[in-house]
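Just so you know, these numbers use all the heavy atoms, side chains as well, and skip hydrogens, waters and symmetry mates. Convention: sequence-line order gives letters A, B, ...; per-chain numbering from 1. Values in this document were obtained by computation on a predicted structure and should not be read as measured data.
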Amino acid sequence: MDEIKSASNSLLASYVKDTPKSLKLIDAYMVYILLTGIIQFVYVVIAGTFPNNAFLAGFISTVAGFVLAANLRIQTNPKNASQFPTTSPERAFADFLACNIVVHFAVANFLG
Amino acid sequence: MALVASATSLTGPRTLVLLDNLDDADAYMDLWDDLQSRQFNVTLHDVKTPVSLSKYDQRLFDHLLILAPKMTAYPTGMNAKSVVGFVAEGGNVLVAASSELGNTIRELSREFDVEFDNRYTTVYDHFNYDQDLGKDRHDTVVVNTGTHLSTVDAIVPQKDIPGPILFRGIAHSINPSNSLLTKVLWAPQEAYSWETQDGDNESANQDPSVSGKDISLVSVMQARNNARIAFLGSTDMLTDRYFSAPAKKHGEKISPSGNRKFIEELTKWTFQEKGALDVVAVQHHKVGEEEAPAHYRIKDTMTYTISLAEYHDGEWHPFSADDVQLELIMLDPYVRKTLEQVPLDDQSTVGTFTTTLQLPDQYGVFKFAVNYKRPGLTYVESVTTVGIHPFRHDQYPRFISQAKPYYTSAASMGVGLLIFSFVYLWGGLESTVKTTKKA
């Protein structure tokens, strides 16, 4: 138990110390998306699937947002820079925005 | 012997009567009178004279009355196939048999799932015999109409028969799994079918082939094309003698026989003078509208109305029933609902049955079907094909309160993206981002 505690403490400490601020922002954004998605899922279990299309739209918007944010995080992480020699952080962010716009159009269309 | 007038039969007045011998006709004078008073055009024929039921594929007669039980061969120009073909073209047939039944009638009846007992057998009853006509051999059975007559009033209404029915003749049985056949009159519990020549007091070393209520005395069939066929085990029950004889059963008071009225009702039914139904009109529309739409939409509330008329006594009358059902079918019935009859008044010429229902949540090509098949009545099959469309894209409900969490979620994802982007770009994170090298 103590080992787990000390391990998680050192994990947290190194996260606070070593992770760039921009990645922490992305992480916070992803936690927010995750919570929104979980709340919707609990709601659909309690309230039933009607109207199904609205549920799908709302839930998919969170899933897609989460996936796109994860992509952004991977591509802008300095440690992964060697894997994305041709992708600058600016380019990664532009991709992220473009994809999000497409997702939100689709969601708004499907929301009913 | 012919009388032409407007027929009270729905299908026509031309009636052919086949007799073993033209002299036999004298025994049935009351029957001919009854038929002619009902405007039938009766043609008597013996089995030796050539006669044809149809010419150039047209029926020459509308009804066929076979009173020739002994017939061993059809008259020239007729055969079993032509009689069956006559029925297939809508002709009605009444067949009366007797103990001296020839093979011709037996084979004809087999075509209709009716099996007569062996030749030279008779229905005996030592309890319910008539004390005059069946005095010696107990072969004239007095049949109580209250208990041994079909309750299908469309064929023979029980309450109209004034007395018990006298029967002397052969037993038959019908295939119980044939739903087109209806037993009209059957023998008392104590009756049995046995050989007519009772030899020298032969010991009964075998059971009768058929006994009690299993013995059908009169049965009818309505074919799928609504042609009607009646089978009687007795020619005697049609004779003047049986029409007028009082029924005298041991231990009961003498009452007039019901034969004449029974035969009248039976021939009326067989020759399409009653119990014929017709679909006069079918209407359907959305609630609040008058006209039938080109198509419906799923979950529409709509009204279906069918008007039925019943033919009897030479006229069409409103039909009454409480068991007419509507089915909405697309391969399977999606909705099955009993139609309610609109109360009849003096002006009613048709019976109107209606219901209001909500269409199923299923789109496709549906049939509004009324499939009304009851013994004794013409089969009614009315099918209206309608299309049921799904909602158009702009016909779905909007802003459902139950879906508000989803709307909020989608909106918050958008707002979240804006805030995130703003902070990411102008939130003072430049330095960290810049640490990454450019390609």
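Counting heavy-atom neighbours within 6.0 Å of F41(A) CZ, excluding the residue itself, gives a total of 12 or less. Counting non-hydrogen atoms of other residues, nucleotides and ligands closer than 6.0 Å to NZ of K79(A) gives a total of 12 or fewer. Shown here is K367(B), whose NZ atom has no more than 12 heavy atoms of other residues, nucleotides or ligands within 6.0 Å. Other residues, nucleotides and ligands contribute more than 12 heavy atoms inside 6.0 Å of the NZ atom of K24(A). Around CD of Q395(B), the count of heavy atoms belonging to other residues, nucleotides or ligands within 6.0 Å exceeds 12. Atom CZ of R91(A) is surrounded by 12 or fewer heavy atoms from other residues, nucleotides or ligands within 6.0 Å. Environment of CD in E290(B): sparse, with no more than 12 heavy atoms of neighbouring residues, nucleotides or ligands closer than 6.0 Å. The 12-atom threshold is not exceeded at CD of E340(B), counting heavy atoms of other residues, nucleotides or ligands nearer than 6.0 Å.
The closest side-chain heavy-atom distance from F59(A) to S409(B) is not below 4.5 Å. With contacts defined as side-chain heavy-atom distances shorter than 4.5 Å, the pair P51(A)/Y396(B) does not qualify. Two residues are said to be in side-chain contact when any heavy atoms from C-beta on lie closer than 4.5 Å; M413(B) and N100(A) fail this criterion.
Note on P405(B), A403(B), P397(B): by heavy-atom pairs under 4.5 Å with chain A, the leading option is P405(B).
Across all their heavy atoms, Y406(B) and A54(A) have their closest contact at CB-O, 3.3 Å. The minimum heavy-atom distance between G416(B) and Y32(A), with the atom names listed, is CA-CE2, 4.3 Å.
Here F420(B) and F96(A) bring their ring centres to under 6.0 angstrom of each other.
Both the backbone and the side chain of T62(A) come within contact range of chain B, each with at least one heavy atom under 4.5 Å from a heavy atom of that chain. For a residue to count as touching a neighbouring chain, one of its non-hydrogen atoms must lie under 4.5 Å from one of that chain's; by this rule I26(A) touches chain B with backbone and side chain alike. With a 4.5 Å cut-off on non-hydrogen atoms, I400(B) touches chain A through its side chain but not through its backbone. When heavy atoms are compared at a cutoff of 4.5 Å, L72(A) approaches chain B solely by way of its side chain, counted from C-beta outward.
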Criterion side-chain contact (heavy atoms from CB on, under 4.5 Å) on Y29(A) and L417(B), from CA distance to verdict: CA-CA 9 Å; Y29(A) 178 58; L417(B) 177 70; 3.7 Å; yes

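Atoms CG and CG, from L425(B) and L97(A) in turn, are 7.0 Å apart once rounded to the nearest 0.5 Å.
For residues 43-50 of chain A, a heavy-atom distance under 4.5 Å to chain B picks out Y43(A), V44(A), A47(A), G48(A), F50(A), given by residue number.
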